[in-house]
Amino acid sequence: MKNILYKLNYVAVAIAAMFMVSCDALLEQDETDFGQGPILAQFEKTKAELNIIKDPENTPIDYEVAITFFGGKNVPLDRDVEVSIATSADSEAKEGVEFELNATSYTIPAGETSVIASIKILTGNLVPFEFKDIVLEITSSSESVSDNNTTAITLKALDSNTLAGTYTVEVGEYWNSGNYIASYAGRTFVVAAIAPGLYRHEGIAFWPDGNDFYFTVDAETNVITVLGNDPDGTPTLLNGSPIMNCAGGKFEMVPCTDETNKATLQADGHHIIELTTGYFRGAGATREFLQKLVRN
C-alpha cells in the first residue's frame with residue numbers, strides 16, 4: 001500500500017511540475033510578444049472644422065495639424081520618427097489655390113510622441129458657404145504608416161457678419177415647472193454656421209451634449225427664430241422632449257418675443273445672440289431657458 005501511495009504522489013508531483021512549466025512558457029511567450037507591434041504614424045485627428053471669417057485683406061491663416069504614432073508600447077521612442085505628408089487625391093480644396101503645405105517632411109523627436117505640421121489657408125480664394133475639405137495623407141514614415149493615414153479639414157468660409165463662433169453666456173436663466181432653478185451664466189457654447197442665415201446652437205444650459213438645435217436670423221430685422229425641426233425635417237428634441245419656440249405659445253415663465261430673440265452685430269466682432277427656448281413636458285412642467293450670449 002505504501003508503494004502504491006508513493007507512486008501516486010510521485011505522479012501528482014510530476015503532473016504539477018509539467019503544468020507549471022507549461023504556464024511559465026505561456027507567460028514568457030506573452031512577455032516576449034507584449035509591446036512588439038509596429039510603430040504606426042497617423043494624424044492625431046481624422047476630422048476637423050475651421051471657421052474662416054472673411055476680411056477685406058483676405059489675410060492668410062496658418063493652421064496646425066498634429067501628427068503622432070501608436071503601437072509598440074505606446075510610449076516615446078529612443079529614436080526620431082520621420083514622417084512625410086502630401087495632399088490626397090480626394091481633397092476637394094486644391095493645393096496652391098485654397099491652401100499650401102508649409103512643409104512636407106516632419107520629425108517626431110526621440111522622447112516625444114507628436115509633431116505639429118502646418119498649412120497655410122489662402123482665404124482670398126475661398127467663397128462664403130462653399131465649404132470644402134482639405135484632405136491630407138501620410139505618405140511615408142521611417143517606421144510604418146497607419147491604415148488610417150488621412151485627415152479631413154473642412155474649410156467653412158463665412159461672411160464678416162457671421163454669427164458663428166464660441167460664445168460665453170452673459171445671462172442664462174433656467175426655469176423648471178414654474179420655478180426659477182439656477183443661472184448658467186459663464187458657460188460657453190458653440191454656434192455653427194450651416195447656410196446663410198441658418199445656425200446650429202450646440203447645447204442648452206447645463207446639458208451641452210446631444211441637445212443641438214437650429215435657428216434662423218432675418219437678414220433685415222435680425223430677429224431670431226428657433227426651429228422646431230432639424231434641417232432634415234426631424235423634430236428637434238431637447239433632453240428627449242419636443243423643443244419649444246415662440247410660435248408654440250407654451251412658455252409660462254419667460255418671455256418669448258422679438259425682443260428676447262434677436263442678434264446684435266458689434267463692430268468689434270463680439271456679436272450678441274439673445275434667444276428663448278425650452279422643452280415641453282406638459283402644462284406646468286415646462287423647461288424654459290432665457291439666454292444672452294456674447295461671442296468671444
Have T234 and D232 got a donor and an acceptor in their side chains that come within less than 3.5 Å?
yes
Indicate if L293 and W207 have the same hydrophobic cluster label, given that clusters are the connected sets of ILVMFWY residues with side-chain heavy-atom separations under 4.5 angstrom.
yes
Would you find a donor on one side and an acceptor on the other, under 3.5 Å apart, between the side chain of Y199 and the backbone of T162?
no
Flag yes if more than 12 heavy atoms outside K120 fall under 6.0 Å of its NZ atom; otherwise flag no.
yes
Which atom pair, heavy atoms only, marks the closest approach of L40 to V145?
CD2-O, 4.0 Å
What do the steps show when you test T236 against N229 for side-chain hydrogen bond (donor to acceptor under 3.5 Å, both in side chains), and what is the final call?
CA-CA 5 Å; T236 301; N229 295 314; 5.6 Å; no
Dump the intermediate steps for side chain to side chain contact (heavy atoms under 4.5 Å, CB included) on S141 and F69, then the final yes or no.
CA-CA 10 Å; S141 167; F69 64 81; over 6 Å; no
What about V81 and F70, same hydrophobic cluster or not, with Ile/Leu/Val/Met/Phe/Trp/Tyr joined at side-chain heavy-atom distances under 4.5 Å?
no
Do F251 and F280 sit in the same hydrophobic cluster, where Ile, Leu, Val, Met, Phe, Trp and Tyr count as joined when their side-chain heavy atoms come under 4.5 Å apart?
yes
When rounded to the nearest 0.5 angstrom, what distance separates OH in Y106 from CD in E82?
13.0 Å
Kindly indicate, with the supporting measurements, whether the criterion side chain to side chain contact (heavy atoms under 4.5 Å, CB included) is fulfilled by I153 and I119.
CA-CA 11 Å; I153 305 154; I119 61 177; 3.9 Å; yes
Measuring from atom CD1 of I134 to atom OG of S88, what distance do you get when rounded to the nearest 0.5 angstrom?
12.0 Å
Nearest 0.5 Å, please: how far is CG in L238 from CG in D212?
9.5 Å
Strictly distance-based, threshold 3.5 Å: is any side-chain N or O of T107 a donor or acceptor partner for the main-chain N or O of P109?
no
Check whether any side-chain heavy atom of R79 sits under 4.5 Å from a side-chain heavy atom of E143, and report yes or no.
yes
If the plane angle is over 60° it's perpendicular, under 30° parallel, otherwise tilted; pick one for F206 and Y174.
perpendicular
Side-chain touch H201/Q291, heavy atoms, less than 4.5 angstrom:
yes
Give the minimum heavy-atom separation between A48 and Y63, together with the two atoms involved.
CB-OH, 3.5 Å
With side chains defined as the heavy atoms from C-beta onward, is the minimum distance between I52 and I121 less than 4.5 Å?
yes
Any side-chain heavy-atom pair of N245 and L227 under 4.5 Å:
no
Testing the basics here: between T154 and F131, what is the closest heavy-atom pair and its distance to 0.1 Å?
CG2-CB, 4.3 Å
Answer yes if L265 and L158 sit in the same cluster of Ile, Leu, Val, Met, Phe, Trp and Tyr residues linked by side chain heavy atoms under 4.5 Å apart, and no otherwise.
no
Can a donor-acceptor pair be found, under 3.5 Å and without considering hydrogens, that links the side chain of Y279 to the backbone of N239?
no
Quick one: does T286's side chain have a donor or acceptor within less than 3.5 Å of a partner on E288's backbone?
no
Quick check: does any side chain N or O of E252 sit under 3.5 Å from a backbone N or O of G284, one acting as donor and the other as acceptor?
yes
Check whether any side-chain heavy atom of E100 sits under 4.5 Å from a side-chain heavy atom of L122, and report yes or no.
yes
Starting at CG of L50, measure out to CG of D133 and round the result to the nearest 0.5 Å.
11.5 Å
Is a side-chain N or O of T276 found less than 3.5 angstrom from the main chain of P255, in a donor-acceptor match?
yes
Output yes when a side-chain donor or acceptor of D268 lies under 3.5 Å from a complementary backbone atom of H270, and no otherwise.
yes
Counting only heavy atoms not in D62, do more than 12 fall under 6.0 Å of its CG?
yes
Given side chains that start at C-beta, do those of I272 and Q266 come closer than 4.5 Å, heavy atoms only?
yes
Would one find more than 12 heavy atoms of other residues, nucleotides or ligands at under 6.0 Å from atom NZ of K54?
yes
Can you check whether T257's main-chain N or O pairs, donor with acceptor, with T260's side chain at less than 3.5 Å?
yes
Beyond-backbone contact of T68 with Q42, side-chain heavy atoms, under 4.5 angstrom:
yes
Minimum side-chain heavy-atom gap S177-R287 below 4.5 Å
yes
Count I, L, V, M, F, W, Y as connected when their side-chain heavy atoms are under 4.5 Å apart, and connections chain through other members. Are M244 and V254 then in the same cluster?
yes
Donor-acceptor contact below 3.5 Å, side chain N179 vs main chain I181
no
Under 30°, 30 to 60°, or over 60°: which ring-plane class applies to Y180 and W175, parallel, tilted or perpendicular?
perpendicular
Considering all heavy atoms, the nearest E137-T87 contact
OE2-O, 4.1 Å
Heavy-atom closest pair, residues L101 and A86
CD1-CA, 4.1 Å
How far apart are the C-alpha atoms of I85 and F43, what are their side-chain angles, what is the distance that settles it, and do they pass the side chain to side chain contact (heavy atoms under 4.5 Å, CB included) test?
CA-CA 10 Å; I85 67 171; F43 291 102; 4.1 Å; yes
Go through I243 and V226 one step at a time and tell me if the side chain to side chain contact (heavy atoms under 4.5 Å, CB included) criterion holds.
CA-CA 9 Å; I243 193 172; V226 175; 3.7 Å; yes
Test item: T123 side-chain N/O and T59 main-chain N/O as donor-acceptor pair under 3.5 Å:
yes
Counting heavy atoms not belonging to E64, are there more than 12 under 6.0 Å from its CD?
no
If you compare all heavy atoms of P231 against all heavy atoms of L198, which two are closest, and at what distance to 0.1 Å?
CG-CD2, 4.4 Å
Roughly how far apart are I116 CD1 and N102 CG, rounded to 0.5 Å?
13.0 Å
Quick check on side chain to side chain contact (heavy atoms under 4.5 Å, CB included): which of N261, T277, V191 does F215 satisfy it with?
V191
Interatomic distance, OG@S114 vs CD1@I108, rounded to 0.5 Å, equals 7.0 Å
